[in-house]
Structures are given as C-alpha cells and as structure tokens.
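Reviewing the structure listed below.
Read the numbers this way: they start at 1 and go in the same order the structure lists the ligands and their atoms. Atom set for the values below is all heavy atoms of this structure, side chains included, hydrogens, waters and symmetry mates excluded.
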Amino acid sequence: MATIFCINGPNLNLLGKRQPEVYGHETLADVEAAVAALAADFGHTVRFLQSNREYEIIEWIHEAREAARAIIINPGAYSHTSVAILDALNAYDGLVFEVHISNIHKRESFRHHSYVSQRADGVLAGFGTEGYELALRRAATLLKGR
Ligand code: CA2
C-alpha cells in the first residue's frame, strides 16, 4: 500500500463553480471522492492538497520526498510559469503525473508549454476530470512493479 499526493494548484478550488464549458461540472470535492474510492480499490491512500500559493505547493512536494511514492499534480497556471515547481519535482524521486483537465494544446499558445512536463512520468490533458483517475490507474500499475 502506498501514499499518493494529489496536488491541485491555483483556482482549481473553483472547479464546478465557474466555466463548466471548459472544466466541467464536477467540483474538486467530487473529483477527490472519485479518486479516493479508486485508490482504495488498489489499496492505496491519497492525500489531497490544493493551494493558490506557489510556496505551499513547493513545500508539499518537499514533504512528498518522505511521505509519498507518487504525485498526481495539476499545477494550474503555474505549469506555464514555475521553474520553482519544476525544481522541487526534480528533487523528488517518486512517480509524477501531470494532469490538465482541458486540452492545453487546443487553447491559447501560452498554455502549450509546461515546465512540469519536463519531469512528469506521464501527462494527461483534455480528459476532463477523469484525467485524475487515469493518472491514479497508471500510478497503481507502475507502483506494482516497484
Ligand atoms: O486544464 C487545466 O487543468 C489547467 O491546468 C487549468 C488552469 C489553467 O491555467 C491551465 O492552463 C490548464 C486553470 C485552473 C482554473 O480552474 C478553474 C476552474 C473552474 C473555474 C475557474 C477556474
């Protein structure tokens, strides 16, 4: 059994409350409940974290070095700007999956590049909130072999 951190970045606390045409109708609490249930099927535990502050996300990634065997992260807009989050992930030895609810490649060009992708073991974009569950499935598959 492993602990997995699921980290959501800025504004994702608004999920399901605004812009449903882009991000869907599910709230962050709905997503967390679905991921927690799936993780339980695999015998894993997920700790859910969300912050609008870059430093807090970096602190959680540092904490994951000791506490988690995988990180599922949607860094939100920090994906496109934060070398600091990339550096923190580069200091982490476990699995990293990057999730974007929307297909960032179909959107404005400033969303096409993600610093985090350079470290991620897998990237999901455009699978809606189901992307978090797909990332969890992949983490469970790879953790079996570790
Ligand atoms: O598609 C994604 O998951 C994003 O990471 C979401 C970020 C955006 O900056 C990235 O380019 C792509 C924005 C998160 C904002 O979330 C909201 C959710 C509901 C209502 C308003 C914002």
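Scanning all protein heavy atoms for the shortest distance to atom 4 (C) of ligand 1 gives His100 ND1, 3.7 Å. When hydrogens are left out, the protein atom nearest atom 17 (C) of ligand 1 is Asn11 O, 3.5 Å; that is the closest non-hydrogen contact. For atom 21 (C) of ligand 1, the nearest non-hydrogen atom of the protein is Gln19 OE1, 3.5 Å. Counting only heavy atoms of the protein, atom 2 (C) of ligand 1 lies nearest to Ile101 N, 3.3 Å.
Counting non-hydrogen atoms of neighbouring residues, nucleotides and ligands closer than 6.0 angstrom, the CZ atom of Arg137 reaches no more than 12 such neighbours. Counting non-hydrogen atoms of other residues, nucleotides and ligands closer than 6.0 Å to CG of Asp41 gives a total above 12. Crowding of Arg107 atom CZ: a count of heavy atoms from other residues, nucleotides or ligands under 6.0 Å exceeding 12. At most 12 non-hydrogen atoms from other residues, nucleotides or ligands lie less than 6.0 angstrom from CD of Gln118.
A donor and an acceptor atom, one from each side chain of Arg47 and Thr3, are nowhere located under 3.5 Å apart. Donor-acceptor pairing under 3.5 Å is recorded for the side chains of Gln50 and Asn52.
Contacts between Asn74 and ligand 1 below 4.0 angstrom, taking non-hydrogen atoms only, involve the side chain exclusively. The residue Lys17 has no part lying near ligand 1, judged by heavy-atom distances below 4.0 Å. By the criterion of a heavy-atom distance under 4.0 Å, neither the backbone nor the side chain of Val22 is placed next to ligand 1. With a 4.0 Å heavy-atom cut-off, ligand 1 is reached by the side chain of Arg111 but not by its N, CA, C or O.
Taking every non-hydrogen atom of Ile104 and a distance limit under 4.0 Å, the qualifying atoms of ligand 1 come out as 12 (C).
Residue contacts with ligand 1 include Gly76, since one or more of its heavy atoms lies under 4.0 Å from the ligand.
Two rings, from Tyr115 and His113, have their centers less than 6.0 Å apart.
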